[in-house]
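All heavy atoms count here, side chains included; hydrogens, waters and symmetry mates do not. Counting convention: from 1, in listed order, for ligands and their atoms alike. For clarity, every value in this text was computed on a predicted model and none was experimentally measured.
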Amino acid sequence: MQTKLNEVRNKLQAYGQEHLLAFWPSLSDDSREKLLQQIDSIDFDLLQQLSGKAGKKEKPDSIEPISAEKWTEFDKSRQAELEQLGWSLLKQGKAAVLVVAGGQGTRLGHPGPKGTFDIGLPSRKSLFQLQAERLINLSGKAQKNIPWYIMTSPENDAETRSFFAEHHYFGYDENSIYFFEQGVFPAIDDKGKVLLARKDEIVMAPSGNGDCFPALKRNGILDQMKQEGVEWLFYYNVDNAIVRIADPAFIGYAAASGLQSASKVVRKSHARERVGILCMQNGRPAVAEYSDIPEELMLAADDKGQWLFPYANISMHLFHVNFVEKAAAYPMPFHAANKKIRTVDAKGDKVVPEQPNGYKFEKFIFDCFPLMERMALLEVEREDEFAPVKNKEGQDSPDTAREMLYHLHRKWLLAAGVSRELIEHQPVEISPLLSYAGEGLDSEVIRSILASRVV
Ligand code: UTP
């Protein structure tokens, strides 16, 4: 171990990170081994480059508007044609699903994996269960199990797997569910020093949802997908309570576009909404963070009063597997986020900071968009598809997501002929096993929903 230690010490000195061995004399052999391995896995050159940029704002690229097509503006026969194409791909096993479920959910403050969170519906179903049941519904109709790839983090992988096992995979085919882990990256303090979580352990944070394609590749899943004939991968965030997983209409739309990727978007709710905006940057599709868009562009409108940048990113994308392969080999940029990071002080005692004390680094999935010349954008209604669970309370919280789900399910019942008085001002939850997007609500089903309020 001595030779290895000398080697590591020299390396750390070269990068100004020798403090990582500060507790060496007091560590057990196992702890020493673990720490050396962790240090060995770090790309200090990259870390040095990133810490030079952390906290500095980069000049935004040139931003131009991008166009989208609106689902409700397609005529009925076009809609039916696209849906049919999507169903045919699902039936042939050519479409699969990828959920990114590896984050830390710090704003929500839920101790377990975000997908295990129960937003307080009458059924007490977790986000994972709602998603599994939508897949059961679709798979039944397609008569083909849809592969479901679940990206976890090293921190939440075991808990996610046991949650699924304890709940018997929510009735979905266990062999169609594949868990795989994303990567991690060290966190640093304001001076660029790598932070220790304990005397013998470096703070390693999940490296962002943008790691999903390299992680698919590293874990052999990409090759498996290709062997099994999967052509399209539906990507979504685990924290959307009403996500239309593997929506056949969207799959058909992407496949008919002749392009390698499509993204669902919604209209910004107000001009300054704090969301990522779909646009063209340097002539390529991209998502600009709201903080990167100059105020005048946020508000810019054409002569009919229509915003020039109306499309909000809702993290629902379809990627052709050939593109996934290409993106997996592309070194996506890291973004630094100033965060409160638990660490230890000079004596090795735990420190729980009250203010941000350092940086974590994350890759974002949308940074692969500029690898394409064009992307197909499908505008959908927010109230039908997007109820994010990000914060403990207030905006984008379990309360708002639950209300949106009730609102959506009431809307389905109204469309099925139920009178407003019967369902107003009370929770209405329709099981995804009965209806994926409002279909199949015949009088018998409606009777049972109204009788129990939860089906
Ligand atoms: P968010 O950016 O909302 O991050 O993730 P988060 O970790 O869930 O929550 P905060 O920011 O700490 O409060 C958007 C999606 O990307 C996934 C999340 O699970 C969520 O589905 N994600 C995020 C990962 O899979 N890995 C990551 O490293 C980060």
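Among protein heavy atoms, atom 8 (O) of ligand 1 sits closest to K114 NZ, 2.8 Å. Among all protein heavy atoms, the one lying closest to atom 12 (O) of ligand 1 is T106 OG1, 2.5 Å. The nearest protein atom to atom 16 (O) of ligand 1, hydrogens excluded, is given as N209 ND2, 3.1 Å; this is a heavy-atom distance. Looking only at heavy atoms of the protein, atom 26 (N) of ligand 1 is closest to Q182 OE1, 2.6 Å. For atom 3 (O) of ligand 1, the closest non-hydrogen atom of the protein is K390 NZ, 2.6 Å. Protein heavy atom at the shortest distance from atom 28 (O) of ligand 1 is G208 N, 2.8 Å. In terms of protein heavy atoms, atom 25 (O) of ligand 1 is closest to G102 N, 2.8 Å. For atom 21 (O) of ligand 1, the nearest non-hydrogen atom of the protein is V100 O, 2.7 Å.
The distance criterion of under 3.5 Å between nitrogen or oxygen atoms is not met by L108 with respect to ligand 1. Residue-to-ligand polar distances keep M151 apart from ligand 1: every N/O pair is separated by 3.5 Å or more.
Contacts between P206 and ligand 1, counted as non-hydrogen atom pairs separated by less than 4.0 Å, involve both the backbone and the side chain.
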Solution key, residues 322-337 side-chain donor-acceptor pairs under 3.5 Å, sequence neighbours excluded:
from : atom 1 : to   : atom 2 : distance (Å)
E325 : OE1    : K226 : NZ     : 2.3
E325 : OE2    : K217 : NZ     : 3.0
K326 : NZ     : L371 : O      : 3.4
H335 : NE2    : D367 : OD2    : 2.5

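Within 6.0 Å of atom CD in E296, more than 12 heavy atoms from other residues, nucleotides or ligands are found, so the atom counts as buried in its surroundings.
Ion pairing between a basic and an acidic side chain is recognised when a charged N comes within 4.0 Å of a carboxylate O; E201 and K34 show such pairing. Using a 4.0 Å cut-off between charged nitrogen and carboxylate oxygen, D396 and R107 do not count as a salt-bridge pair.
Residues T116 and H110 have side chains that bring a donor and an acceptor to within less than 3.5 angstrom of each other.
For atom 19 (O) of ligand 1, the choice among P388, G103, S315 with the nearest heavy atom turns out to be G103. The nearest non-hydrogen atom to atom 11 (O) of ligand 1, considering only K360, E362, Q104, R107, comes from R107.
Remark: aromatic rings of F369 and H317 are close, center separation under 6.0 Å. Taking the six-membered ring for Trp and the full ring otherwise, the centers of F366 and F364 sit less than 6.0 Å from each other. Centroid-to-centroid, the aromatic rings of F213 and F319 come within less than 6.0 Å.
Applying the side-chain contact (heavy atoms from CB on, under 4.5 Å) rule to L12 yields the partners V8, Q17, L20, L21, I39, F44; only residues at least two apart in sequence or on another chain are considered.
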